[in-house]
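So the structure is just underneath, and the comments pick up after that.
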2 protein chains.
Amino acid sequence: MSAGSEGRRTTLADVAARAGVDRSVISRVLSGDSRLLIRDETRQRVLDAVRELGYRPNAAARTLRTQRTGTLGLLIPDYANPVYAEIIKGAETVAAERDCVLLTGSADADRGLGSYLDLLGQGRVDGLLLAGEMASKEALDGLTADGLPWLLVNRTMRGEARHVVLDDERAAGLAVRHLVELGHTEIAHLAGPSSSNTAQRRARGYRAALREHGLEVPSSLTARTDYSADGGYRAMFQLLDAQTRPTAVFVANLASAIGALHALRTQGVDAPGAMSVIAVHDLPLVEHISPALTTVRMPLRELGRRGVELLSDLGPNDTVKEVVTGPMDVVVRESTAPPR
Amino acid sequence: MSAGSEGRRTTLADVAARAGVDRSVISRVLSGDSRLLIRDETRQRVLDAVRELGYRPNAAARTLRTQRTGTLGLLIPDYANPVYAEIIKGAETVAAERDCVLLTGSADADRGLGSYLDLLGQGRVDGLLLAGEMASKEALDGLTADGLPWLLVNRTMRGEARHVVLDDERAAGLAVRHLVELGHTEIAHLAGPSSSNTAQRRARGYRAALREHGLEVPSSLTARTDYSADGGYRAMFQLLDAQTRPTAVFVANLASAIGALHALRTQGVDAPGAMSVIAVHDLPLVEHISPALTTVRMPLRELGRRGVELLSDLGPNDTVKEVVTGPMDVVVRESTAPPR
DNA sequence: GACTATAAGGCAATCGTTTGATCTCCACCA
DNA sequence: TGGTGGAGATCAAACGATTGCCTTATAGTC
């Protein structure tokens with residue numbers, strides 16, 4: 001609208017001049033300072049000036065003064081993984097509720113936490129959520145030394161007591177129980193990478209559940225995938241070659257399960273007739289593949305929510321270990337059935 | 001390491017004191033000011049002090065002074081859509097090359113561009129990439145008035161000449177040509193939502209290609225999906241009910257194609273035997289579904305790359321309309337074949 | 001020996017907000 | 001008349017980095 005307003009953005013000084021008061025008055029009115037004594041008429045003049053000039057506080061100046069940015073960072077390893085999409089959504093929702101922006105970025109083996117922080121510099125975020133495996137212990141200590149609160153999301157780390165995770169062991173337990181209840185006794189596990197924290201917990205939960213149900217835990221019934229569809233495809237072949245072929249498989253993630261189903265088709269193994277498949281996580285999409293996947297739905301949004309909630313109340317030296325207690329359930333579709 | 005360094009972060013003043021020089025010297029050394037005259041010995045003292053104290057410039061202070069943040073923002077409608085994952089990856093890569101951080105956030109119908117900017121305040125990013133349909137014309141004008149450069153990514157907008165897009169019409173053309181070359185003449189289109197810019201361009205490309213190949217363009221051969229698998233599922237049923245059943249369908253996106261394949265299975269229509277299916281975009285996953293999808297692979301990363309490149313050289317009043325020229329090809333898999 | 005040029009840094013204003021401390025009325029009370 | 005006590009603002013010092021302009025030395029010149 002205001003053509004010619006090129007060049008300089010409106011500052012407090014502009015608004016103050018327009019309203020005929022001091023800058024500090026504007027600032028206090030806008031921040032809702034309750035100790036401010038001001039006539040209604042003046043307050044109105046201030047608000048009018050703010051609106052007419054379209055004033056918006058300068059983030060850098062405010063941050064410099066208050067040492068707060070109103071911003072949280074979230075680092076994830078890979079945008080293509082739908083698991084993180086859900087976590088981000090949950091996190092953004094709470095952040096917005098708290099008038100705070102969530103800024104997401106990705107880091108991985110090459111471009112790790114360190115280089116990300118070098119770019120970010122100091123004082124660009126008030127806290128950092130770290131989802132996934134990109135952070136080393138040293139990097140985390142560096143954050144603590146800088147006085148920046150951080151929180152691991154969906155992973156734990158030895159020696160660090162700052163994380164929020166899902167109950168992956170219980171998820172594995174639910175999956176196994178579902179298979180056991182169908183009558184399976186030869187239950188295999190298509191596990192995620194041993195470097196992955198969630199994969200470890202799911203594998204542990206799988207073994208614990210088998211024992212709990214009085215079943216043996218032969219290591220030949222576990223194969224590894226890198227959490228990709230290709231990985232699942234290859235790993236399934238491995239399982240099919242085992243001396244005793246399982247009748248069901250608990251797969252650590254969705255993508256691998258899709259690869260696994262492909263392998264079964266390729267080998268002419270009917271699913272679920274000759275092999276039941278159940279996987280961790282759920283997406284609308286799996287309803288539409290064949291056979292529709294039975295899954296364990298995880299409270300990923302809740303995980304993101306809790307991440308932000310915990311982080312924003314977290315001092316640089318506090319500690320927290322939380323397991324999100326959101327609903328978790330087996331969504332039974334077509335890929336699981338009683339053994340033949 | 002330095003226990004007790006609690007409380008205050010190191011500032012230029014600390015480093016200056018340690019090196020025994022003025023703050024300005026530190027600043028100039030670090031910024032590589034070529035006009036600075038300094039003895040090697042002094043320079044070394046400065047660098048040592050910087051390292052020993054682990055100094056990192058305060059982003060807010062620097063931004064306040066220079067009016068630059070070293071940061072670009074990217075707004076997307078939905079993290080769950082793998083299309084955006086690819087765009088983000090491309091964008092982050094270039095941003096990193098240019099020593100600049102890309103901060104991604106999501107906005108949609110409810111939480112639109114406006115509320116996002118209210119949270120961000122002024123001066124938190126040097127420019128904004130807007131992927132998807134969340135921005136209104138007024139909001140864009142607001143950005144321009146604020147002096148913030150912005151660029152639409154993967155969409156155009158009437159009356160605004162600031163976008164970078166893919167050649168969706170050509171993608172549609174390639175898909176249709178592939179089907180025509182297989183011998184199809186009854187080619188349907190499973191189109192995206194009419195509100196979507198890409199959907200419009202793909203539909204236009206589809207019709208143009210049909211005409212180009214001398215085929216008719218009956219409107220009964222187009223059905224609409226909302227770009228979801230469910231939407232594709234329902235839309236495919238519509239197509240199957242048409243008076244003349246097509247022998248091939250060009251689907252506007254992957255998720256819908258997966259739903260469409262499901263619908264075909266449900267109805268006992270063999271794909272590709274009785275119905276060929278080709279979709280826009282490619283993912284490792286589609287290799288593993290049955291039948292493996294034939295797709296048109298789009299240069300999404302390149303789109304993200306160009307977005308950042310263009311934006312960082314863009315003044316608030318410049319204009320740019322670019323069609324990314326990256327490679328685009330039909331990946332032939334199992335879901336397309338000659339008509340019976 | 002006075003003068004100039006250059007090398008090597010120092011000074012201080014500035015960016016825009018926030019916030020504790022201060023100031024100026026004016027009414028009211030003794 | 002002098003003093004007190006708000007009400008309703010204003011003042012000014014930060015926050016930390018950048019950058020145009022100054023100030024010292026020292027070396028070199030006539």
Side-chain angles (χ1 to χ4, degrees), chain A residues 7-47 49-50 53-71 120-124 126 146-147, chain B residues 7-47 49-50 53-71 120-124 126 146-147:
Chain A
R8 256 191 1 87
R9 329 233 251 219
T10 2
T11 73
L12 265 191
D14 301 329
V15 185
R18 172 113 180 189
V21 297
D22 189 80
R23 303 200 303 280
S24 60
V25 176
I26 316 279
S27 173
R28 288 186 235 251
V29 166
L30 289 182
S31 69
D33 183 339
S34 58
R35 295 176 311 176
L36 173 66
L37 298 169
I38 192 176
R39 269 176 303 192
D40 279 356
E41 178 217 349
T42 313
R43 174 189 302 275
Q44 200 50 55
R45 273 212 323 281
V46 166
L47 293 176
V50 164
L53 296 178
Y55 169 73
R56 241 183 328 220
N58 179 299
R62 171 177 281 178
T63 295
L64 181 58
R65 176 67 227 243
T66 62
Q67 309 285 44
R68 291 201 57 254
T69 66
T71 293
L120 271 184
Q122 281 194 334
R124 194 106 64 173
D126 294 331
D146 279 0
Chain B
R8 256 191 2 86
R9 330 233 252 218
T10 15
T11 73
L12 263 192
D14 301 329
V15 185
R18 172 113 180 190
V21 297
D22 190 81
R23 305 200 302 278
S24 61
V25 177
I26 315 281
S27 173
R28 288 187 234 250
V29 165
L30 290 181
S31 69
D33 183 340
S34 60
R35 296 175 311 176
L36 173 65
L37 299 168
I38 192 175
R39 270 176 302 192
D40 280 356
E41 177 215 348
T42 312
R43 176 190 299 276
Q44 199 51 54
R45 271 209 327 278
V46 167
L47 294 175
V50 165
L53 296 178
Y55 169 73
R56 239 183 327 222
N58 178 299
R62 171 177 284 178
T63 295
L64 182 58
R65 177 66 228 245
T66 61
Q67 309 285 40
R68 291 201 57 255
T69 66
T71 293
L120 271 184
Q122 280 195 334
R124 193 106 65 173
D126 294 332
D146 279 0

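The model shown is predicted, which means the values in this text are computed figures rather than measured ones. Proteins come first, then strands; the chains are lettered A, B, ... in the order of their sequence lines, and each starts at number 1.
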Task: Upstream residue (5' side of DNA chain C) when A:R23 and A:R28 are each assigned their closest nucleotide - done: A:R23

- [ ] Output the distance between atom CZ (A:R23) and atom CG (A:D14), rounded to the nearest 0.5 Å.
- [x] 11.0 Å

- [ ] Nearest whole angstrom, please: distance from the P of C:dA21 to the CG of A:D22.
- [x] 17 Å

- [ ] Please check the phosphate of C:dG16 (OP1 and OP2 only) for any side-chain N or O of A:Y55 closer than 4.0 Å.
- [x] no

TODO: Identify whether any heavy atom of A:S24 sits under 4.0 Å from a base atom; if not, whether one sits that close to sugar-phosphate; answer base, sugar-phosphate or nothing.
DONE: base

Open item on the list: Using the side-chain heavy atoms of A:L64, tell me which of these nucleotides is nearest: D:dT10, D:dG16, D:dA9.
Closed with: D:dG16

TODO: Please determine if a side-chain N or O atom of B:R35 lies less than 4.0 Å away from the OP1 or OP2 oxygen of D:dG20.
DONE: yes

Open item on the list: Counting only side-chain heavy atoms from C-beta out, which of C:dA12, C:dG16, C:dA8 sits nearest to B:R39?
Closed with: C:dA8

Task: Flag for B:D33-B:S31: side-chain donor and acceptor within less than 3.5 Å - done: no

Open item on the list: What contact category does A:L12 fall into here, base, sugar-phosphate, or nothing, at under 4.0 angstrom with non-hydrogen atoms?
Closed with: base

Open item on the list: Judged by each residue's nearest nucleotide on DNA chain C, which is more toward the 5′ side, B:L36 or A:N58?
Closed with: B:L36

Open item on the list: In whole Å, I'd like the distance from the CD1 atom of A:I26 to the C1' atom of D:dC11.
Closed with: 15 Å

Open item on the list: Taking only side-chain N and O atoms of A:Q67, does any of them lie within less than 4.0 angstrom of OP1 or OP2 on D:dA14?
Closed with: no

Task: Pairwise distance CZ(A:R39) to CD(A:Q44) - rounded to 0.5 angstrom - done: 14.0 Å

- [ ] Among C:dA7, D:dA17, C:dT17, find the nucleotide with the atom closest to the side chain of B:L37.
- [x] C:dA7

Open item on the list: Using a 4.0 Å heavy-atom cut-off, does A:T42 contact any base of the nucleic acid, only the sugar-phosphate backbone, or nothing at all?
Closed with: sugar-phosphate

TODO: Using a 4.0 Å heavy-atom cut-off across all strands, classify A:V25 as base, sugar-phosphate, or nothing.
DONE: base

TODO: Could you tell me whether A:R68 contacts a base, only the sugar-phosphate backbone, or nothing, with contacts defined as non-hydrogen atoms closer than 4.0 Å?
DONE: nothing

Open item on the list: Could you tell me how far apart A:D14 (CG) and C:dC15 (C1') are, to the nearest whole angstrom?
Closed with: 13 Å

- [ ] Please state how far atom CG in B:D33 lies from atom P in D:dA17, giving the value in whole angstrom units.
- [x] 17 Å

Open item on the list: Nearest 0.5 Å, please: how far is CG in B:L64 from CG in A:N58?
Closed with: 6.0 Å

Task: Shortest non-hydrogen contact between A:G54 and A:T10, atoms and distance - done: O-OG1, 4.2 Å

